[in-house]
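Below you'll find the structure, written out as structure tokens, and then a few comments.
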Amino acid sequence: MSSLEGKVVAVTGGASGIGFATVQKLLAAKAKVAAADVSPCPDAFKDHADVMFTVVDVSSRTQVNGWVQAVVARFGRLDAMVPNAGINHEMGIYDEDAVFQRTVAVNLTGVWNCGTEAYRQFNTQNSVGVICNTASIAGIRPSKGAPIYSAIKSGVIGLTKSWALEWAAQGVRVNALAPGPVASAGYINAIKEKPEFDLSQRVPMQRVGEPEEMASVIVFLLSSEASFVTGHVVAADGGMLLAGSSP
Ligand code: NAD
């Protein structure tokens with residue numbers, strides 16, 4: 001039996017890529033899944049009894065709060081949160097305030113909103129809970145051409161470790177996945193526009209990752225198989241960090 005069976009797990013960015021694959025793997029583990037995204041519900045989740053799909057902009061505290069309350073109203077509780085939604089509109093843009101502000105709003109404030117709302121709900125329920133953020137290897141080693149994205153993903157790693165330390169005594173675990181390049185819609189569309197950002201040949205395994213390979217790590221970190229793991233950043237990058245190649 002999966003340790004996630006019957007657990008209520010919230011996933012942001014659930015309409016595409018890593019988030020979509022994570023929702024699918026959680027359903028296979030018999031979890032109940034609350035997926036949120038700014039994009040509409042994918043056909044795969046429409047009318048699925050164990051999926052509640054909500055259009056939410058994670059940069060809005062009000063929307064995230066309303067979403068978590070709606071999840072609790074539907075499923076009765078919240079056991080885990082995966083703040084995964086993210087954008088990378090930078091790709092060589094080094095000096096546009098609007099890109100900086102929006103990337104902070106989605107990639108860092110969005111994680112803050114979801115993590116803190118989840119923690120409050122865990123306390124309201126008087127239960128332990130688990131959070132798995134999506135960072136990036138760019139938050140561990142700066143990604144050339146993406147200083148904004150890299151700095152903000154470092155912030156996600158900082159939040160992950162700080163929350164893990166603050167909440168460990170209560171049994172709340174917080175970890176992060178740090179993907180290398182992954183063939184999600186965001187990445188594929190970006191390299192169509194700017195082929196110079198195709199990183200596949202810089203990965204020692206000579207390919208980019210698949211969203212399902214990222215989802216597997218997230219599901220592991222959420223599960224009781226990782227019951228003594230907290231405050232860690234798990235890179236799934238085909239050896240990119242090990243080889244010292246810049247993402
Ligand atoms: P993706 O573009 O396929 O999926 C991201 C999803 O987030 C989309 O469905 C999008 O609509 C949603 N989203 C964007 N802004 C939102 C908002 N304000 N509120 C709610 N949802 C929003 O990309 P992905 O690769 O699956 O990205 C998932 C995470 O992985 C992101 O945090 C990204 O930074 C991270 N990541 C991706 C790669 C990669 O190469 N693909 C590498 C490292 C880290």
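One-based numbering, in listed order, for ligands and for the atoms of each. Keep in mind it's a predicted model, so treat the numbers as computed, not measured.
Nearest protein neighbour of atom 40 (O) of ligand 1, counting heavy atoms only, is V182 N, 2.8 Å. Protein heavy atom nearest atom 29 (C) of ligand 1, with residue, atom name and distance: N84 O, 3.1 Å. The protein atom (non-hydrogen) at minimum distance from atom 36 (N) of ligand 1 is Y149 OH, 3.4 Å. Looking only at protein heavy atoms, the nearest one to atom 27 (O) of ligand 1 is I18 CD1, 4.4 Å. Closest protein heavy atom to atom 38 (C) of ligand 1: G180 O, 4.0 Å. The shortest contact between atom 30 (O) of ligand 1 and any protein heavy atom is with T134 CG2, 3.3 Å. In terms of protein heavy-atom proximity, atom 3 (O) of ligand 1 is closest to S16 OG, 2.5 Å. For atom 41 (N) of ligand 1, the nearest non-hydrogen atom of the protein is S184 OG, 3.0 Å.
Within the 4.5 Å cutoff, the side chain of L199 has heavy atoms near those of the Y187 side chain. The closest side-chain heavy-atom distance from F53 to K46 is not below 4.5 Å.
Surrounding CG of D47 are at most 12 heavy atoms belonging to other residues, nucleotides or ligands under 6.0 Å away.
Neither the backbone nor the side chain of F20 has any atom closer than 4.0 Å to an atom of ligand 1 (non-hydrogen atoms only). Within the 4.0 Å heavy-atom criterion, neither part of A36 lies near ligand 1. If you look at D57 next to ligand 1, the close heavy atoms, those under 4.0 Å, come from the backbone and the side chain alike. At a heavy-atom cutoff of 4.0 Å, ligand 1 is contacted by the side chain of K153 but not by its backbone.
V156 and V11 sit in two unconnected hydrophobic clusters of ILVMFWY residues. Membership requires side-chain heavy atoms under 4.5 Å apart, directly or through other members. I18 and V130 fall within a single hydrophobic cluster, where Ile, Leu, Val, Met, Phe, Trp and Tyr side chains are chained together by heavy-atom contacts under 4.5 Å.
No heavy atom of N88 sits closer than 4.0 Å to any atom of ligand 1. For R102, the heavy-atom gap to ligand 1 drops under 4.0 angstrom. Put simply, no part of T12 is less than 4.0 Å from ligand 1, judged by heavy atoms. Residue contact annotation: G14 has no non-hydrogen atom under 4.0 Å from ligand 1.
Taking the six-membered ring for Trp and the full ring otherwise, the centers of Y119 and W167 sit less than 6.0 Å from each other.
Of all atoms in ligand 1, listed by their number and element, those nearer than 4.0 Å to a heavy atom of G17 are 3 (O), 26 (O).
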*Would you check, one step at a time, whether the test side chain to side chain contact (heavy atoms under 4.5 Å, CB included) holds for N175 with V234?*
CA-CA 8 Å; N175 293 291; V234 179; 5.9 Å; no

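When the heavy atoms of D37, T22, T54 are ranked by distance to atom 11 (O) of ligand 1, first place goes to D37. When the options G186, A178, P179 are ranked by their closest heavy atom to atom 43 (C) of ligand 1, first place goes to P179.
Between S136 and ligand 1, not a single N/O pair is under 3.5 Å apart.
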